[in-house]
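Computed from a prediction, not measured in an experiment: that's the story for all the values here. Worth knowing before you read on, the calculation uses all heavy atoms, side chains too, and leaves out hydrogens, waters and symmetry mates.
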Amino acid sequence: MTTNESMSSSMSGGKDSSVKGTTTIADSVVSTIAGIAAREAPGVYAMGGGVSRTIGAMRDRMSSSDDPSRGVKVEVGQKQAAVDLGIVVEYGSPIGDTAKDIRANVSDTVESMTGLEIAEVNVSVLDVHIPGSDDNDDSSDGSRVE
């Protein structure tokens, strides 16, 4: 968990406040932001490995929600964060370009939303999705990215 100290901030009315305090950002918040940003990159079919997706699919069916932090691990310090992502790419997508797009999107989004500097974004390609090969019923498990 990271804590940022704030000496002053602008209010919506344009007033400058000298109220001191701290803002704490939980690791799970950074994980969720990074997961959503990674899913937005072209060529990403799903997040997480086979076991993670299977367990997540069962959990999603029970809770009627998708876990945006599936396949994401973060290490958050005082001013920096490192992100590790496990992805499944669409067949035919250039993996290098997909990873580059993921890094840029995750870095830009996390930095703009949290103020943390992103030290690194590591992308592990765990599988390739071949259209029409949904033998495991992956398309109905809630982990598919469109």
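For the side-chain contact (heavy atoms from CB on, under 4.5 Å) criterion with Ile33, the lone passing option out of Val74, Val72, Thr114 is Thr114.
Here the side chain of Asp101 pairs no donor or acceptor atom with the backbone of Ala41 at under 3.5 angstrom.
For residues 91-100, there are no side-chain hydrogen bond (donor to acceptor under 3.5 Å, both in side chains) pairs, not counting sequence neighbours.
Other residues, nucleotides and ligands contribute over 12 non-hydrogen atoms within 6.0 Å of the CD atom of Glu111.
The side-chain hydrogen bond (donor to acceptor under 3.5 Å, both in side chains) search around Asp84 returns Asn122, not counting sequence neighbours.
Going from atom CZ of Arg39 over to atom CD1 of Ile102 covers 10.5 Å, rounded to the nearest 0.5 Å. Atom CG of Asp108 sits about 13.0 Å away from atom CE of Met113, to the nearest 0.5 Å. How far CZ of Arg103 is from CD of Glu120: 9.5 Å, rounded to the nearest 0.5 Å. Interatomic distance, Asp127 CG to Tyr45 OH, rounded to the nearest 0.5 Å: 10.0 Å. Residue Glu117 holds its CD atom at 8.5 Å from OG of Ser107, rounded to the nearest 0.5 Å. Atom CD of Gln78 and atom CG of Leu116 lie 9.5 Å apart (nearest 0.5 Å).
For the pair Lys73/Val83, no side-chain contact is recorded, criterion being any heavy-atom separation below 4.5 Å from C-beta on. No side-chain heavy atom of Val88 sits less than 4.5 Å from a side-chain heavy atom of Met47. When side chains are defined from C-beta on, Val106 counts as touching Leu85, because their heavy atoms get closer than 4.5 Å.
Nearest heavy atom pair, residue Gly86 against residue Leu126, reads CA-CD1, 3.7 Å. A pairwise comparison of heavy atoms in Pro68 and Thr32 identifies CG-CG2, 3.6 Å as the closest pair.
Linking ILVMFWY residues whenever their side-chain heavy atoms come closer than 4.5 Å, directly or via other members, leaves Val44 and Ile36 in distinct clusters.
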